[in-house]
Q: 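One structure follows; several queries about it will come next.
Note that this is a predicted model, so its numbers are computed, not measured. Throughout, residue positions are numbered sequentially from 1 according to the sequence presented.
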Amino acid sequence: MMIFQKAIPRRTFLRGLGTTLALPLLDGMMPAFARAAETPAVKRLSIVYLPNGVMMDKWTPATEGAGFALTPILEPLAPFQDRMLVLTGLAHGTGRALAGENTGDHARAGATYLTGVHPKKTEGADTRAGVSVDQIVAREFGKHTQLGSLELCVDTPELLGQCEAGYTCAYMNTICWRTPTTPMPMEDRPRVVFERLFGDSESTEPAVRLRRIQRDRSILDSVTDKAARLRADLGPTDQVKLTEYLEAIRDVERRIQTAEEQSARELPTLERPAGIPATFTDHAKMMFDLQVLAYQTDMTRVSTFMMGREFGGRTYREIDIPEGHHSLTHHQYKPDKISKVIQINIYHAKHFAYFLDRLQSTPDGDGSLLDHTLLLYGGGLSDGNSHLHDNLPALVVGGAAGQLQGGRHIRYPQDTPVMNLLLTMMDLLGVPVDSLGDSTGKLDLRLT
């Protein structure tokens with residue numbers, strides 16, 4: 001073998017009946033004796049969306065620059081403070097109402113978040129917004145991956161009758177747009193995502209999956225022999241990596257199967273259980289774990305995840321909040337309702353912290369997945385009570401190959417377009433464009 005020849009091709013798959021299992025990056029896939037610095041790090045984009053606004057006085061740090069004190073909502077992110085930028089003063093002017101648009105703030109918040117384009121007011125199929133940033137990045141990154149992007153959520157995207165007057169539900173069911181007239185559907189079913197990642201891409205026939213299930217208890221069982229043969233050819237470090245990766249897949253699949261069994265008991269008339277976990281925590285963590293697996297195997301480098309849909313009325317009984325989220329955000333300054341909204345905001349932050357921890361603990365090349373991922377955490381509304389589109393919650397986390405200096409709170413002039421931030425992030429990701437939506441220029445992320 002030539003000294004710089006790869007021992008194992010980067011795009012190695014273990015194939016079984018109805019299974020195509022991509023492998024994570026192993027040391028054996030790197031050129032012999034090649035320095036990590038000589039191998040360009042893979043960059044990734046992750047966007048996590050918060051619906052219905054945030055209690056900004058409990059989000060925004062009191063001081064600017066480095067060494068700021070974490071606020072109650074940001075406290076769960078303490079382990080990652082040195083990796084994050086809190087950005088204040090950003091706005092979506094295109095989300096504000098035009099003449100004759102007295103309603104629709106939630107619809108416009110979702111539609112403009114990644115596009116910077118004011119959406120067409122319609123209740124029909126003639127939707128129009130703009131191409132979202134994630135899809136622009138996916139067009140470039142997707143040249144190197146099996147999937148261009150993943151669009152995930154925890155609220156069913158099939159909700160009807162829970163939309164704002166004058167606006168189709170499509171504007172609230174997604175934040176991703178492939179074209180100005182084509183909204184991307186968000187997927188809330190873990191089984192569908194799992195099989196999209198690890199099912200046989202050459203066949204989508206239900207019969208193929210049925211045969212595998214009848215013969216094998218797990219999607220991994222059909223590749224057990226191949227995995228064992230591969231493991232024998234790997235070094236000790238790679239053997240540990242492969243074992244941990246396969247165990248992570250089996251754990252996610254087990255949790256999906258448990259959810260499906262519970263759904264089958266609760267809804268015996270369904271031929272195919274929906275497999276949606278019963279609690280928000282189980283569902284959100286499962287969707288985050290699937291994103292980690294997708295990044296780990298380089299199946300995709302772009303993902304978006306909606307913690308909830310705009311105008312959504314999810315209840316959070318796990319934290320003793322039986323009222324709907326959206327109705328609580330219209331608190332009319334009542335302390336008890338404000339307190340519950342803050343609890344929901346903190347609850348969401350805890351789940352985002354879980355995602356960051358999973359990324360940080362997953363090796364990737366010369367570092368971790370977090371080192372090579374650029375994440376945006378925020379939403380299209382600030383004050384949900386007044387439907388404000390200015391001073392939006394915005395948090396950037398991650399390494400993006402060491403290009404971010406975190407641990408700072410930066411305040412920009414009022415009404416600085418959010419699209420300026422997204423324009424800057426695209427530069428960091430190596431996908432530069434001249435303008436996005438209502439952008440006016442790039443941000444200086446070095447300000448103090």
Side-chain angles (χ1 to χ4, degrees), residues 45 47-50 52-71 73-74 77 81-99 101 105-106 108-119 129-130 132-133 136 175 345 374-398 400 403-429 431-448:
L45 171 65
I47 296 166
V48 179
Y49 186 79
L50 299 172
N52 298 328
V54 170
M55 297 303 301
M56 294 304 297
D57 61 326
K58 302 300 182 182
W59 165 288
T60 309
T63 61
E64 299 172 34
F68 63 88
L70 290 170
T71 53
I73 294 175
L74 299 182
L77 303 174
Q81 183 170 359
D82 63 337
R83 306 294 298 272
M84 68 189 193
L85 294 175
V86 182
L87 309 178
T88 300
L90 303 183
H92 259 315
T94 54
R96 296 171 182 144
L98 299 178
E101 296 179 342
D105 284 289
H106 287 282
R108 293 190 298 272
T112 62
Y113 187 65
L114 298 180
T115 68
V117 176
H118 191 91
S132 55
V133 166
I136 298 174
I175 56 174
N345 295 158
L374 192 58
L375 300 100
L376 172 62
Y377 180 68
L381 290 174
S382 53
D383 181 356
N385 187 59
S386 301
H387 290 154
L388 298 183
H389 298 267
D390 60 349
N391 196 35
L392 298 176
L395 191 71
V396 176
V397 194
Q403 298 179 78
L404 272 185
Q405 180 187 350
R408 292 173 296 138
H409 170 214
I410 304 177
R411 185 180 298 276
Y412 296 100
Q414 189 71 14
D415 274 352
T416 297
V418 171
M419 302 314 290
N420 289 5
L421 168 62
L422 294 171
L423 201 64
T424 307
M425 290 176 64
M426 291 185 70
D427 261 7
L428 295 174
L429 293 168
V431 189
V433 296
D434 294 330
S435 63
L436 291 167
D438 64 338
S439 65
T440 58
K442 296 170 185 175
L443 294 185
D444 186 351
L445 296 178
R446 298 169 297 177
L447 292 174
T448 59

Q: List for me each residue that meets salt bridge (Lys or Arg N to Asp or Glu O under 4.0 Å) alongside Lys442, sequence neighbours excluded, and say none if there are none.
A: Asp427

Q: Tell me, please, which residues at least two apart from Ala69 pass side chain to side chain contact (heavy atoms under 4.5 Å, CB included).
A: none

Q: Please list all pairs passing the side-chain hydrogen bond (donor to acceptor under 3.5 Å, both in side chains) test where one or both residues lie in residues 375-386, with sequence neighbours left out.
A: Asp383-Ser386

Q: Report yes or no: does Thr424 contribute a side-chain atom to a donor-acceptor pair with the main-chain N or O of Leu443 at less than 3.5 Å?
A: yes

Q: Provide the closest heavy-atom pair for Leu422 versus Tyr113 in the form atom of the first, atom of the second, distance.
A: CD1-O, 3.8 Å

Q: Using every non-hydrogen atom in the two residues, find where Thr416 and Asn420 come nearest and quote the distance to one decimal.
A: CG2-ND2, 3.9 Å

Q: Check whether any side-chain heavy atom of Val396 lies under 4.5 Å from a side-chain heavy atom of Leu445, and answer yes or no.
A: no

Q: Looking at every heavy atom in both Leu395 and Met84, which two are closest together, and how far apart are they?
A: CD1-SD, 3.9 Å

Q: Which residues pass the side-chain hydrogen bond (donor to acceptor under 3.5 Å, both in side chains) test with Thr60, sequence neighbours left out?
A: none

Q: Counting C-beta onward and ignoring hydrogens, is there a side-chain heavy-atom pair between Leu45 and Met426 closer than 4.5 Å?
A: no

Q: Return the set of residues passing salt bridge (Lys or Arg N to Asp or Glu O under 4.0 Å) with Asp415 (not counting sequence neighbours), or none when no residue passes.
A: Arg96

Q: Going by the side chain to side chain donor-acceptor pair (under 3.5 Å) test, name the single residue among His409, Glu64, Gln414 that passes it with Thr88.
A: His409

Q: For the pair Lys58 and Asn345, evaluate side chain to side chain contact (heavy atoms under 4.5 Å, CB included) and give the outcome as yes or no after the intermediate values.
A: CA-CA 9 Å; Lys58 302 300 182 182; Asn345 295 158; over 6 Å; no

Q: Could you pull out all residues at least two apart from Asp105 that satisfy side chain to side chain contact (heavy atoms under 4.5 Å, CB included)?
A: Arg108, His387, His389

Q: Under the side-chain hydrogen bond (donor to acceptor under 3.5 Å, both in side chains) rule, collect the residues that match up with Asp438, sequence neighbours excluded.
A: none

Q: Which residue pairs pass the salt bridge (Lys or Arg N to Asp or Glu O under 4.0 Å) test when at least one of the two sits in residues 386-396, sequence neighbours left out?
A: none

Q: Considering residues at least two apart in sequence or located in another chain, which fulfil the side chain to side chain contact (heavy atoms under 4.5 Å, CB included) criterion with Ser435?
A: Ser439

Q: Take Leu85 and Arg408 through the side chain to side chain contact (heavy atoms under 4.5 Å, CB included) test and state the conclusion after the steps.
A: CA-CA 5 Å; Leu85 294 175; Arg408 292 173 296 138; 3.4 Å; yes

Q: Of all heavy-atom pairs between Met56 and Asn391, which one has the smallest distance, and what is that distance?
A: CE-O, 3.4 Å

Q: Under a 4.5 Å cut-off applied to non-hydrogen side-chain atoms, are Leu87 and Ile410 in contact?
A: yes

Q: Which heavy atom of Trp59 sits nearest to which heavy atom of Ile73, and what is that distance?
A: CE3-CG2, 3.8 Å

